[in-house]
There are 2 protein chains.
Amino acid sequence: MAIRPAEQLIHKAAWLYYAHGLRQDQVASQLNISRASVAMYLRKARETGIVNISTSTQLFTDDVLARKLEDALHLDAVWIAPENDHIADPSTEIAVLAASVFLELVKKGDRIGVAWGRTVYMIADIMSYADLQDVTVAQLCGNLGAPYSYRPDQCTMEIARRLNAKGLNFYAPLVLSTEELARALRAEPVIREQLSGVGECDLALYSVGAVDADSHLVKCGALTPSEMAELRKQGAAGVIAGQIIDAGGKVLDCSYNRRVISAELASLRAIARRLMVVQEDSKFEPLLAAIAGGLCTHLVVGARMAQRLLDHAAATTEKAS
Amino acid sequence: MAIRPAEQLIHKAAWLYYAHGLRQDQVASQLNISRASVAMYLRKARETGIVNISTSTQLFTDDVLARKLEDALHLDAVWIAPENDHIADPSTEIAVLAASVFLELVKKGDRIGVAWGRTVYMIADIMSYADLQDVTVAQLCGNLGAPYSYRPDQCTMEIARRLNAKGLNFYAPLVLSTEELARALRAEPVIREQLSGVGECDLALYSVGAVDADSHLVKCGALTPSEMAELRKQGAAGVIAGQIIDAGGKVLDCSYNRRVISAELASLRAIARRLMVVQEDSKFEPLLAAIAGGLCTHLVVGARMAQRLLDHAAATTEKAS
DNA sequence: CACGGCTCTCGACAAAAGTCAAACTGGACA
DNA sequence: TGTCCAGTTTGACTTTTGTCGAGAGCCGTG
């Protein structure tokens, strides 16, 4: 990890330019190189996270709607991505926002737990690089050899790479074929240690999955569409870190869940900051379930979803009174 | 604290430009304003800390010398500002570095204790703005009505202003004329509360003062040159947050110290991260005393001072063996 | 209602930064 | 030793950004 001479130069150029406010040609003459090289070094510095340019995400919390949602759902912070007509792709907007929010929440020395899914991977993919020292990114659930790029281990590793952090992968499959095997595996020292480490995380990043044929669990072969439909009838409302939860946000009592190797919900709740990001409007019920289960303290959603959540909360309190 | 419409625009422009990577003219057409206005908004955004551009200070820790110092003095981290011939003003360089380091160490929700002095004020003055929410900057010692701009309360307030944080000033003078009065004042609920709050700080920022006629304490009239000389004879080695310490880093047993209203050294040591910045080469002995007293976990110094510290440490261990 | 004083905005120009093909390095290898 | 290659570095060019003075709107005031 010793700094290579080339990197030295990048650091120096970045320092002179960004911290001292010199112009590129001044930096160039200080370092005895051409201005073009300086420009190149600076680009590298930005790309690798040697310099960090971050914009405050205040704008998205200062929304009245966001404040109301925080109150109504008892969340620590809510960010709402606008979904006007002239915004090309709301779901990308949400991911960009989520990436910014995430970077704002990460601190040096943190241990971060990440789950997986299209959303999480999209955030990882969009996220800018940062040079955080002493950060660990830990996988929250077992692996699934999916034909997609967003496998659990890939989500973890990509985020670790972006933050220049240590990636901690899970050495187990997400689902096993029998409950005994899952139990036995969970008792393995390596796995047990990893699972118990979840509660020591300072920050979690995940989304919530839908309980339908489009779910990752189905796409990746962990469950068949009919099994999924059956679970739904039994009360499945959402998927968190590979586990099925009911409308109350509790682990559903079913064979599938007993065969899963993943972080216990109690461990997740022990994480101080739990950032949940939901892109799809269709994930309304799953999100409600996750919130009911206290699985989220920080929330990033689109404007439509936010409105729906607020309407629902209002209707619920009205009914109660 | 509600966002004004103008600030809304600044936020939006900053977001589109920095987070989405649009060009200024694209931002301008999105927001239906001229490109010149966008440029102006972006400057404001940078100036007010809505966007944060920070460069990693790795370069200055990755120095071999820095590593050795960390080991030799048992410090958590050391940053060394270069002092080559072509660096115009080493002391400014140290302050710039210290400001960056400081911003890197601050986290949201932190409570920060700051002492005072030329160095601290210079850091505050040089420090770029940031939009940290939920940060408190607390004054570590009583006030001194000095004919300088770097009064204790001003150091505190300026840093608070830069971070967009809450400033917590001390409602007491630094030195009183009698010990009784100091004791009585320390017992006052307001003051007592403030003093006991020091230990709850997450981060401290201070320098160490010299024990000579140039000391702030003398310049500001807290002590006469001859009193200072007398204290020196009694073993005074440095000044920390307005208090005189001996070579071992302990509070010197003297009337002056008993008349001072300031954070107890034990409270200071209870702060997890203690950033000490020393600009002047002449403050070698005071710095040694501060380090001996465990008053510093993170250190920013110039190259010459670093070398001297290391030589001293080597000599000391040699003698011991 | 006309008048300064004020802020905000814009167009045009100047300055700075980004980019690219070509030249140049310093090994690795035949 | 020569040649090839991958990665830098550079000068020249283009694009983007910063700035400044002029003008437009907008108060409170005489």
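To find a chain, count down the sequence lines: A is the first, B the second, and so on, and within it residues start at 1.
At whole-Å resolution of the value, CG in A:L31 and C1' in D:dT10 are 16 Å apart. When rounded to the nearest whole Å, the span between CE of A:M40 and P of C:dA21 equals 16 Å. If you measure from atom CG of B:L9 to atom C1' of C:dT7, you get 15 Å, rounded to the nearest angstrom. The interatomic distance linking A:I33 (CD1) with C:dA17 (P) rounds to 14 Å, in whole Å. Computed from coordinates, the A:Y41 OH to C:dG18 P distance equals 15 Å when rounded to whole Å. Straight-line distance from the CG atom of B:N32 to the C1' atom of C:dT9: 14 Å, rounded to whole Å.
For B:S37 and C:dC10, the shortest distance from a side-chain N or O to OP1 or OP2 is below 4.0 Å.
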Inset, instruction - Let me see the working for B:E47 and B:K44 under salt bridge (Lys or Arg N to Asp or Glu O under 4.0 Å), right down to the final yes or no. - result: CA-CA 5 Å; B:E47 279 169 1; B:K44 278 194 183 169; over 6 Å; no

Inset, instruction - Show your reasoning for whether side-chain contact (heavy atoms from CB on, under 4.5 Å) applies to B:E280 and B:R118. - result: CA-CA 11 Å; B:E280 302 90 341; B:R118 209 180 43 73; 2.4 Å; yes

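Checked against the 6.0 Å centroid criterion, the rings of A:Y206 and A:W116 do not qualify as a close aromatic pair.
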Grab the N/O contacts between the protein and nucleotides 15-18 of chain D below 3.5 Å, and write none if there aren't any.
{"unit_1": "D:dT16", "atom_1": "OP1", "unit_2": "B:R23", "atom_2": "NE", "d": "2.9"}
{"unit_1": "D:dT16", "atom_1": "OP1", "unit_2": "B:R23", "atom_2": "NH1", "d": "3.0"}
{"unit_1": "D:dT17", "atom_1": "OP1", "unit_2": "B:Y17", "atom_2": "OH", "d": "2.9"}
{"unit_1": "D:dT17", "atom_1": "OP2", "unit_2": "B:Q24", "atom_2": "N", "d": "2.9"}
{"unit_1": "D:dG18", "atom_1": "OP2", "unit_2": "B:Q24", "atom_2": "NE2", "d": "2.4"}
{"unit_1": "D:dG18", "atom_1": "N7", "unit_2": "B:R35", "atom_2": "NH2", "d": "3.3"}
{"unit_1": "D:dG18", "atom_1": "O6", "unit_2": "B:R35", "atom_2": "NH2", "d": "2.6"}

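Taking B:S29 as the reference, nothing meets the side-chain hydrogen bond (donor to acceptor under 3.5 Å, both in side chains) condition, with sequence neighbours excluded.
Judged by distance alone, the side chain of A:D71 and the main-chain N or O of A:K68 form no donor-acceptor pair under 3.5 Å.
The minimum heavy-atom distance between B:S207 and B:M276, with the atom names listed, is O-CE, 4.0 Å.
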